[in-house]
Amino acid sequence: MDPNALWFRRYFVGKPYTTWISQDEIVSVVRDKGTAYRVIVRSPVSDRAGHYYRVLPETKRALRILHEDSDDHCKRTAAAMICPNLRTAYKEISAEQTILAGLEMELLRFDELPIPKHYKFGVLTVRDDQTTEEAWFSNSHLSPALKQLLHLVGKPVCLRGYTGYAAGLDTKTGETGEISYVSRWREYDIMFHVAPLMPCREHDTQQVHRKRHIGNDIVCLVVVEGNTQFNPSAVRSQFLHVFVVVRQVDEDAWQVEIVRNANVPEFGPPIPYPPILSSAELEHFLILKSKPTMTLKCVRN
């Protein structure tokens, strides 16, 4: 996550910033403190906006501009350090003009596009002697281990009339179940697609309505009960890239394993050795560990 992607919202919106527009770039500048200016350059050369923090050099020219107390000239000087053609090739517009033209909202949308506002994770159970995805997706009811895990990572909510982030679950008719589990990480909402909480259709061995949600997630939490070994290749999905496999050792201890596609780079937090976490440790670990980069082919770590 790019921490500078929120620059425009935090430091520009609501302040007298200036924007210059050319065919290739959009440059926004705002005065920060003293002779310091924040400059954002948005360019098609890269997928993300370039963020810069500039202090005007202590030259006679810069000092003269500051002495004249012309903030517009100072902004232009700060921006010209990064975009030398600023004076001739760009059209200048004020913050007020940017707002009236609807450009401010577009700039916010562009800058924050790579920042996920929500997360959704699948949840499956693997019970004794179950080796196929058909069996896993057909499990219903919450076992004690699964119920304890869900209460560690989230809280139950009634789906009917739910106005928060639903991650595609039905909030009107109960088609995807009556309750689910939600959580919140920093400023982001999390919804868990819990397979055993969705209605089980007796004549559908594949439980397609359950897999439609979990099979389209990137990360799935798998609670293994008994001594059965979980085989991720048994789940047919183009989207699932990471499985967080959890097995309860005793009432307050959990064994954790991460199965990731081979092109997904290693990501933190690291799993301890031995890979046993207490319930309190597991609560924070699972949320942080469930936000990796996407890619392809399975390995274990």
Side-chain angles (χ1 to χ4, degrees), residues 1-6 46-51 112-126 131 133 136 145-146 148-150 152-154 167 181 183-195 211 213-225 227-249 252-301:
M1 185 182 302
D2 180 3
N4 294 332
L6 295 173
S46 63
D47 294 332
R48 286 294 306 120
H51 301 80
E112 299 176 11
L113 187 63
I115 301 177
K117 301 296 189 296
H118 315 286
Y119 291 98
K120 56 190 181 77
F121 306 135
V123 179
L124 278 177
T125 53
V126 176
T131 58
E133 70 166 10
W136 302 336
L146 177 56
Q148 185 176 347
L149 178 72
L150 289 173
L152 283 175
V153 298
Y181 280 74
S183 185
R184 190 165 177 81
W185 178 75
R186 295 183 181 175
E187 300 176 359
Y188 308 107
D189 295 314
I190 298 170
M191 172 63 78
F192 293 94
H193 288 150
V194 185
K211 188 174 178 181
H213 294 285
I214 296 170
N216 285 314
D217 292 335
I218 305 300
V219 178
C220 184
L221 305 182
V222 181
V223 180
V224 179
E225 302 172 7
N227 297 316
T228 302
Q229 178 72 17
F230 170 69
N231 178 14
S233 61
V235 181
R236 299 180 292 274
S237 170
Q238 295 181 351
F239 297 96
L240 283 169
H241 286 69
V242 175
F243 294 91
V244 182
V245 185
V246 179
R247 191 189 303 266
Q248 190 170 30
V249 178
D252 192 48
W254 305 78
Q255 178 182 322
V256 180
E257 180 184 18
I258 305 301
V259 184
R260 58 185 172 84
N261 289 345
N263 291 338
V264 176
E266 290 191 21
F267 54 93
I271 298 177
Y273 183 81
I276 304 296
L277 298 173
S278 68
S279 295
E281 292 169 331
L282 187 70
E283 175 185 0
H284 302 288
F285 177 87
L286 287 183
I287 297 298
L288 293 177
K289 195 67 175 176
S290 299
K291 304 186 286 49
T293 306
M294 295 172 44
T295 27
L296 306 167
K297 210 169 140 194
C298 276
V299 296
R300 289 178 182 266
N301 72 343

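These figures come from a predicted structure and were not determined experimentally. Hydrogens, waters and symmetry mates play no part in the numbers below; they use all other heavy atoms, side chains included.
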Gap separating the [atom1] atom of [X] from the [atom2] atom of [Y], nearest 0.5 angstrom:
X      : Y      : atom1 : atom2 : answer
His118 : Arg184 : NE2   : CZ    : 9.5 Å
Leu152 : Phe285 : CG    : CZ    : 13.5 Å
Arg247 : Leu149 : CZ    : CG    : 13.5 Å
Phe121 : Leu286 : CZ    : CG    : 9.5 Å

* **Positive for side chain to side chain contact (heavy atoms under 4.5 Å, CB included) with Lys120, one of Asp217, Ile190, Ile218** =>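 In the set Asp217, Ile190, Ile218, the residue that makes a side chain to side chain contact (heavy atoms under 4.5 Å, CB included) with Lys120 is Asp217.
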* To do: Could you verify whether a donor N or O on one side chain and an acceptor N or O on the other, from Ser279 and Asp252, lie under 3.5 Å apart?
  =>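 Yes.
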Considering all heavy atoms, the nearest [X]-[Y] contact:
X      : Y      : value
Leu240 : Asn261 : O-ND2, 3.6 Å
Ala145 : Gln248 : CB-OE1, 3.3 Å
Ala167 : His213 : O-ND1, 4.3 Å
Ser278 : Trp254 : C-CD1, 4.2 Å
Glu281 : Ile276 : OE1-O, 4.4 Å
Ile214 : Ala195 : CD1-CB, 3.4 Å

* To do: For the residue pair Tyr188 and Tyr119, categorise the inter-ring angle as parallel (less than 30°), tilted (30 to 60°) or perpendicular (more than 60°).
  =>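 Judged by the thresholds at 30° and 60°, the geometry between Tyr188 and Tyr119 is perpendicular.
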* Mark yes or no for whether Glu133, through its side chain, and Arg236, through its backbone, hold a donor-acceptor pair below 3.5 Å. => yes
* Side-chain donor/acceptor of Ser183 to backbone N/O of Gly154, under 3.5 Å ->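 Looks like no, no N/O pair under 3.5 Å.
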Measuring only between side-chain heavy atoms, which start at C-beta, is [X] closer than 4.5 Å to [Y]?
X      : Y      : value
Val245 : Val126 : no
Phe267 : Val242 : yes
Val222 : Trp136 : no
Phe230 : Leu124 : no

* Val246/Leu221 under side chain to side chain contact (heavy atoms under 4.5 Å, CB included): CA gap, chis, key distance, verdict -> CA-CA 7 Å; Val246 179; Leu221 305 182; 5.8 Å; no
